[in-house]
Protein chains: 2
Amino acid sequence: MTRGGSVSQATGNSTIADVARRAGVSLKSVSRVINKEPHVSPKLLAKVSAAISELNYVPDPAARSLAGQRSFTIGLLFDNPSPHYTMKAIIGAYRACVAQGYHMRFDTLNSRSGSALLSSQLDAVVRNGRTDGFVLTPPLTDNREVLDYLERHNIQYVRIAPAIDPGRSAAVSIDDVAAAAQAAQYLCDLGHRIIGLVNGPPDHGAAITRRQGFIERLKSISPDIVLHEAKGDFLFESGISAGEALLSEDPRPTAIFATNDDMAAGLLVACGRCRLVVPDDVSLVGFDDSWIATSVWPYLTTVHQPIEDMAAEAVQLLLAQTKHGQPYEDHMLDYHLVVRESSSPPAEVTSDERTAHR
Amino acid sequence: MTRGGSVSQATGNSTIADVARRAGVSLKSVSRVINKEPHVSPKLLAKVSAAISELNYVPDPAARSLAGQRSFTIGLLFDNPSPHYTMKAIIGAYRACVAQGYHMRFDTLNSRSGSALLSSQLDAVVRNGRTDGFVLTPPLTDNREVLDYLERHNIQYVRIAPAIDPGRSAAVSIDDVAAAAQAAQYLCDLGHRIIGLVNGPPDHGAAITRRQGFIERLKSISPDIVLHEAKGDFLFESGISAGEALLSEDPRPTAIFATNDDMAAGLLVACGRCRLVVPDDVSLVGFDDSWIATSVWPYLTTVHQPIEDMAAEAVQLLLAQTKHGQPYEDHMLDYHLVVRESSSPPAEVTSDERTAHR
DNA sequence: AGCTAAACTGACATCGCTGTCAAACAGATT
DNA sequence: AATCTGTTTGACAGCGATGTCAGTTTAGCT
């Protein structure tokens, strides 16, 4: 049987021994260079790097993980209803993994199942593949059972946008409070005074933080602002029902903020059903700047959070902490409000009044 | 230094040697059982399987790929504008990989770049990680440069929903022609006689096949049916503009079929802009049953294709063909029309007339 | 210059598994 | 019963890297 059919051939076929021979040094010295270990003289480094690039050498991950204790694989854990979010996180994390020569795997957990079930799911995930550590996405980030499990098993992890136990692990997030506050400010600046808010699920920390940031800012701007709240669960349908509830309030909100885009898209539907035009009759603002924000019309004004970058950053933190055992870092990334067609000043406000609120 | 921090420990720590000892056989015999190699007597099989399950043994993929020629990794290749499609394909393929103890990686190619660029992208992907084979998704499936490259390098691949060169490789698909025909039939059965069609990009085989199936059926039903066509590119925005073009035709279509859901969602917007109510004034039918079909209102009537299953099936075909070098199989999976709220009989048709067309 | 400590290098066993090849065994044939 | 053939089984050498540890330079002092 020929060796054809396998791609292994195509991959740079040189081994560490070839590099060592070419550079005129020992195997171990090459290994030191590859792994950026200490005790490598500049001269050695130069020789070896030259040989590596001449031979187009790429270390074999299988051999590395067999010989060493690392697996060169990290895992991404989900329990997220939004495929848009998930997709972006996967892409971002994957990019970072590839850049660092790591593999990525991902798994979904159902964190709402009982704790026995949850723990057996975790068992399965952990046994399933050797993994150097995990990146957790919301709402897993805020599930103490998961965190406890991981710590009990001495497994490294990094959280994306955690809402509880700050400092418990490395984390990368945006300032949800400030971001939601900016949305509130924006709506008020436009002149809105009767405002609706659609919450997310209570086990999703970001939902709480965003609500808090939004409400606090509203209050700090003026005590006269009327706020109506409605419950949601981050899913499209809940946006529809929340919207119908909100729009039947009296006085009716002239603007509604949803704590994610999927629900904001649902609000759009509710407005349509109530024969209200967005943004003329009602302004809508979402959160996430996910795919759906530009898959509906009008395009949603929303808070952009760099999910891909966050996931990539999380992977990097994880790898750094795996290697050097550094103290936990907490990275804050930038958000920004993206103004699109779903928001405008309220109809009855004149441009004079509006200016007064700037 | 302790071994803590790595998960390797947690993964069943028994090795093939433990199993061999426990079963009282040689290493190689255990290996034979694991790999389902021939020349294994029932007695041996029983002893070894028992030992394996008692020890909860799981072979170490790193060691396997180092020793053998397989990498236990397959690649998924994309150049797809629709994240919904992509996401589902990833999930499905991943599921199948995990079930077979394989790793999965995925990469995106920009197939519209020049051929030199394309080939260097392929080089990068192939060199990047050793891979036992690739699963191609549209429109890569119909890009002869990609197919040629893979074959030239003797790399196994399977295509999902290819539109050209049937039999050139193993493939898994649905019958796009019949599926689109069913959509046409459905619309006609409802009583529609003035019908719009939004095409996809011409380099996307499925766009062509679906168009063909739709039109042929329309013609076979009645020569009197009026058909208006508009160009699209499978993206949301193109649905809006195609919709606006179609809706300004005279006579105006009472139903429009889009060759994917994203464009159908765009049609919804166009209808809104033209102050037309869906489905009362215009019925809409999409294709794919992707996430967006239920992220807009009204929910889209659409043709469901089991993308996850198709991807999973593709992985299985790929692995089978890698192992046994079997002849190429072509698997057809089921589709079905999902009737939701975006379609209804045309306003002016009475229920009597409608019945006549059943 | 001479000596010690630190910096660097290399030989070799090892990780867990598969491929090769030869030995052991069983059943069929004479 | 002896031989032959074909099926099962096992011993052993790698796969390509890393970790250990001992050996060799260098640098820094007196």
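As the structure is a computational prediction, the values presented were derived from the model and not from experiment. Values below: all heavy atoms of this structure, side chains included; hydrogens, waters and symmetry mates excluded. Each chain gets a letter, A, B and so on, in the order its sequence line appears, and its residues count up from 1.
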Check the phosphate of [N] against [X], side-chain N and O only, distance under 4.0 Å to OP1 or OP2. Yes or no?
X        : N       : answer
Thr15(A) : dG16(D) : no
Ser31(A) : dT18(D) : yes
Gln69(B) : dG19(C) : yes
Ser41(A) : dT26(D) : no

In whole angstroms, how far is the [atom2] atom of [N] from the [atom1] atom of [X]?
X        : N       : atom1 : atom2 : result
Lys28(A) : dT20(D) : NZ    : C1'   : 9 Å
Arg64(A) : dC15(D) : CZ    : C1'   : 16 Å
Leu66(B) : dT14(C) : CG    : P     : 17 Å
Lys43(B) : dT7(D)  : NZ    : P     : 18 Å
Leu55(B) : dG16(C) : CG    : C1'   : 15 Å
Ile34(A) : dG19(D) : CD1   : C1'   : 14 Å
Leu27(B) : dG16(C) : CG    : P     : 12 Å

> For Ser26(B) and Ala63(B), take the nucleotide of DNA chain D holding the closest heavy atom to each; which residue's nucleotide lies nearer the 5' end?
Replying inline: Ser26(B)
> Between Ile16(A) and Val25(B), which is nearer to the 5' end of DNA chain D once each is assigned its nearest nucleotide?
Replying inline: Val25(B)
> Tyr102(A) vs Phe72(A) aromatic rings, parallel, tilted or perpendicular, using cut-offs 30° and 60°?
Replying inline: tilted
Could you please name the option among [options] that lies closest to any side-chain atom of [X]?
X        : options                   : result
His39(B) : dT9(D), dC8(C), dG16(C)   : dT9(D)
Asp60(A) : dC15(C), dT18(C), dA17(D) : dA17(D)
Asn35(B) : dT7(D), dC8(C), dT18(C)   : dT18(C)
Ser29(B) : dC15(C), dG16(C), dT9(D)  : dT9(D)

At under 4.0 Å between heavy atoms, what does [X] touch on the DNA or RNA strands: base, sugar-phosphate, or nothing?
X        : answer
Tyr57(B) : sugar-phosphate
Leu44(B) : sugar-phosphate
Pro59(B) : sugar-phosphate
Val30(B) : nothing

>> For Tyr85(A) versus Pro138(A), what's the shortest heavy-atom pair and its separation?
In response: OH-CD, 3.5 Å
> Which one of Val158(B), Ile160(B), Leu109(B), Val146(B) satisfies the side chain to side chain contact (heavy atoms under 4.5 Å, CB included) criterion with Leu136(B)?
Replying inline: Val146(B)
>> Asn143(B) vs Leu118(B), test: side chain to side chain contact (heavy atoms under 4.5 Å, CB included). Steps then yes/no.
In response: CA-CA 11 Å; Asn143(B) 185 314; Leu118(B) 215 191; 3.8 Å; yes
> With a 4.5 Å limit on heavy-atom distance, are the side chains of Arg144(A) and Asp165(A) in contact?
Replying inline: yes
>> Looking at Arg32(A) and dG19(D), is any side-chain donor or acceptor paired with a base atom of the opposite kind under 3.5 Å?
In response: no
